[in-house]
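Structure first, then comments.
Note that the structure is a prediction, hence the values are computed from the model and not measured.
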Amino acid sequence: MTTDSRVLLRTAAGNMSLKVAAAGIGFINGILIARSLGPDQYGVYSIVLAAVSLLGTLATLGLPALLTRDVAVHHSRAEWDQLKGRMASSHRWVFFSSLCLMILGATLGKRYFHKGNVTEVGWITGLALIPLTGYNLLRAAVLRGLHWVVSADIPDLLVRPLTVLILITSAYAIGFRLDSNHALFIQAIAATVTLMVGFRFLTHHMPGEVALAKAETTQFHWMKSTGVFLAITVVGILESQLPLYLLGYLATPGQAGLYQAANQLVGIVVMGITAVNLPLQPRLAKAWVEKDITTAQRLVTEAAHLGTAFALLAACVLVPFADAILSLYGPMYVAAAWPLRVLILGQVINAVSGSCGVVLAMTGYQRLALMGTGTALIGNFAASCLLIPRMGIVGAAIAAVIGLIIWNGALVYWAWKKTHLLTVFQYEINKINKNVMV
């Protein structure tokens, strides 16, 4: 095994351990919130939380991906003035974009208050998550650029769910009954604590030379590079959350609540490929720039192997015991068992397809990744509009799987056509590429 492979596996293992711990805490939080709110209120809470998460991502203007790259470059070249300038300008842009989106959200949100879905206080609390989300994403991007990949994720994956757990259990202990507005307030507090801890991490890992540097003024031209990355991120989020939004619109908030319970569990299936993608990105980019196709293919193949192995393991537990696991959320949530099994099938396909999106983004073909994701979004939307009115939550799950199949099919095809890197799980890689040694 090469040095790159060992580093990839070691970093992925650390990230995986972190995600497993976070998933366990998140599972407990999900059960407590779902049981307290019930499907209807849980659906409202999930839709609002998903909406403000999307707005928070929009507020970053696609800067995190570019910031990770630029910080890594400036750090390696000891260009401390430029590094400090990039960070300062990024935070200013996120502040102004967050402010604009909060004003827009507060204005548009008024039309929904009278429906009783969420109170004005609850919606404003949710909007407070926009800048918190944006700054947390920037902070993690800088830490990744400084090569502190695991430290970048600790605040979001451990501190935030632990804070939520403490607040929820405290409410249970004093007999306080939560509703969707209280749950959103808890998330806002947890995001604030996460940001404070995250910036403490960033201060600790920041090179001392940056504090002494004079921030170099950055020009507008570098912002042009963020457009495609922002579009890929936003379209990807929309594609994954579209069935949840449409269930709330075409069906009922209760159906959305059932779907969210299943969707939370199915996230475990792709935990492996998600954990390996972060350390894969810089190493794949390095191998591609150096025209080391053998190493690039090896890294991509090992990522697919790890992701597929974990996905199959998780599926073997979740599929047969779906009813029993969902009953922990409450007896009404058992109705989501078959949609959960359908979603698991889609995520296994996703894991088998490997890191096709990462390959396109790290080799300069991010526009093709955007095209593939956009096509999947259109397919998901069409299938959702057709199936949800007829089949409810099962139709939403089928539509989500259709979107995943289109997404991965397009990205795997373009990755192979443009880079000759085969991202899918391969039983015997030497039969695909004789130059690659696993």
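- With sequence neighbours excluded, the residues satisfying side-chain hydrogen bond (donor to acceptor under 3.5 Å, both in side chains) with Ser355 are Asn277.
- Summarising the geometry, atom CD1 belonging to Ile388 is positioned 7.5 Å from atom CG belonging to Leu242; distances are rounded to the nearest 0.5 Å.
- Contact record, Thr308 with Val352: OG1-CA, 3.4 Å, taken as the closest heavy-atom pair.
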### Task
Check step by step if side chain to side chain contact (heavy atoms under 4.5 Å, CB included) holds for Val94 and Leu61.
CA-CA 7 Å; Val94 170; Leu61 304 172; 5.9 Å; no
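- Residue Tyr135 holds its OH atom at 9.0 Å from CG of Leu195, rounded to the nearest 0.5 Å.
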### Derivation of the side chain to side chain contact (heavy atoms under 4.5 Å, CB included) call for Tyr245 and Leu238
CA-CA 9 Å; Tyr245 296 138; Leu238 280 174; 4.2 Å; yes
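- Expressed to the nearest 0.5 Å, how far CD of Gln41 lies from CD1 of Ile33 amounts to 12.5 Å.
- Minimum heavy-atom separation, Cys356 to Ala415: O-CB, 4.4 Å.
- Asn263 CG to Leu247 CG: the interatomic distance, rounded to the nearest 0.5 Å, is 10.5 Å.
- Sorted by first and then second residue, the side chain to side chain donor-acceptor pair (under 3.5 Å) pairs involving residues 247-258 (not counting sequence neighbours) form an empty list.
- Applying the side chain to side chain donor-acceptor pair (under 3.5 Å) definition to pairs two or more places apart or across chains, none involves residues 56-65.
- Listed by chain and residue number, Asn350 satisfy the side-chain hydrogen bond (donor to acceptor under 3.5 Å, both in side chains) test with Gln347 (two or more places apart in sequence, or in another chain).
- Checked against Leu127 for a side chain to side chain contact (heavy atoms under 4.5 Å, CB included), the options Thr125, Ile130, Leu129 give a single hit: Ile130.
- In terms of the side-chain hydrogen bond (donor to acceptor under 3.5 Å, both in side chains) criterion, Tyr365 has no residue partners (sequence neighbours excluded).
- Contacts of Ser384 classified as side-chain hydrogen bond (donor to acceptor under 3.5 Å, both in side chains), with partners at least two apart in sequence or in another chain: Asn380.
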### Message
Walk me through whether Arg144 and Asp153 qualify under side chain to side chain contact (heavy atoms under 4.5 Å, CB included).
### Response
CA-CA 9 Å; Arg144 291 189 187 106; Asp153 288 336; 2.6 Å; yes
Expected list for residues 328-343: side-chain donor-acceptor pairs under 3.5 angstrom, two or more places apart:
from	atom 1	to	atom 2	distance (Å)
Tyr329	OH	Gln264	OE1	2.6
Tyr333	OH	Ala34	O	3.0
Tyr333	OH	Gly38	O	3.4
Arg341	NE	Val319	O	3.0
Arg341	NH2	Val319	O	3.3
Arg341	NH2	Asp323	OD1	2.8

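- Judged purely by atom type and a 3.5 angstrom limit, Ser46 uses its side chain to pair as donor or acceptor with the backbone of Tyr42.
- For the salt bridge (charged side-chain N to carboxylate O under 4.0 Å, His left out) condition, no pair includes a residue of residues 382-400, sequence neighbours left out.
- Ile103 meets the side-chain contact (heavy atoms from CB on, under 4.5 Å) test with Leu99, Thr107; sequence neighbours excluded.
- Looking at residues two or more places apart in sequence or on another chain, you find no side-chain contact (heavy atoms from CB on, under 4.5 Å) involving Asp40.
- Shown here are the side-chain contact (heavy atoms from CB on, under 4.5 Å) partners of Leu162, two or more places apart in sequence or in another chain: Ile25.
- Under a cut-off of 6.0 angstrom, the local environment of CZ in Phe381 is sparse, with at most 12 non-hydrogen atoms contributed by other residues, nucleotides or ligands.
- With sequence neighbours left out, the ring-ring contact (aromatic ring centres under 6.0 Å, His included) criterion links Trp414 to no other residue.
- Between Leu318 and Val269 there is a side-chain heavy-atom pair separated by less than 4.5 Å.
- Smallest separation of non-hydrogen atoms from Ala190 and Val164: CB-CG2, 3.5 Å.
- To the nearest 0.5 Å, the span separating NE2 on His182 from OG on Ser180 amounts to 9.0 Å.
- Looking at Gln187 and Tyr45, their side chains do bring a donor and an acceptor atom within 3.5 Å of each other.
- Ala50 and Leu244 make their closest contact through CB-CD2, 4.0 Å (heavy atoms, listed as atom of the first residue, atom of the second, distance).
- Among all heavy-atom pairs drawn from Pro320 and Val317, the shortest one is CD-O, 3.7 Å.
- Open room surrounds CZ on Phe185; 12 or fewer heavy atoms of other groups in view lie less than 6.0 Å from it.
- Within the 3.5 Å criterion, the main-chain N or O of Ala152 finds a donor-acceptor partner in the side chain of Arg139.
- Proximity of Ser151 to His205: side-chain heavy atoms (C-beta onward) are separated by under 4.5 Å at one or more points.
- A heavy-atom distance below 4.5 Å is not found between the side chains of His420 and Ile293.
- Using a distance-only test at 3.5 Å, with no hydrogens or angles considered, a donor-acceptor pair links the side chain of Asn29 to the main chain of Pro161.
- Pairing each heavy atom of Val44 with each of Pro253, the nearest pair is CG2-CB, 4.0 Å.
- Looking at heavy atoms from C-beta onward, Ile273 lies out of side-chain contact with Leu306 at the 4.5 angstrom threshold.
- In this structure, Ser89 contributes its side chain and Arg86 its backbone to a donor-acceptor pair below 3.5 Å.
- At a threshold of 4.0 Å, the pair Arg298-Asp292 does not count as salt-bridged, since none of the basic side-chain nitrogens sits closer than that to a carboxylate oxygen.
- Contact check for Pro243 versus Tyr259: side-chain heavy atoms found under the 4.5 Å cut-off.
- A distance-only check finds a donor-acceptor pair linking the side chain of Ser327 to the backbone of Ala324 [under 3.5 Å].
- Using modelled atom types, one side-chain atom of Thr423 and one backbone atom of Ser353 make a donor-acceptor pair closer than 3.5 Å.
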### Task
Could you walk me through whether Val52 and Leu184 pass the side chain to side chain contact (heavy atoms under 4.5 Å, CB included) test, one step at a time?
CA-CA 10 Å; Val52 297; Leu184 287 169; 5.7 Å; no
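- The distance from the NZ atom of Lys418 to the OG1 atom of Thr363 is 10.5 Å, given to the nearest 0.5 Å.
- Contact check for Trp288 versus Val359: no side-chain heavy atoms found under the 4.5 Å cut-off.
- You'll find the side chain of Leu178 reaches within 4.5 Å of the side chain of Ile186, heavy atoms only.
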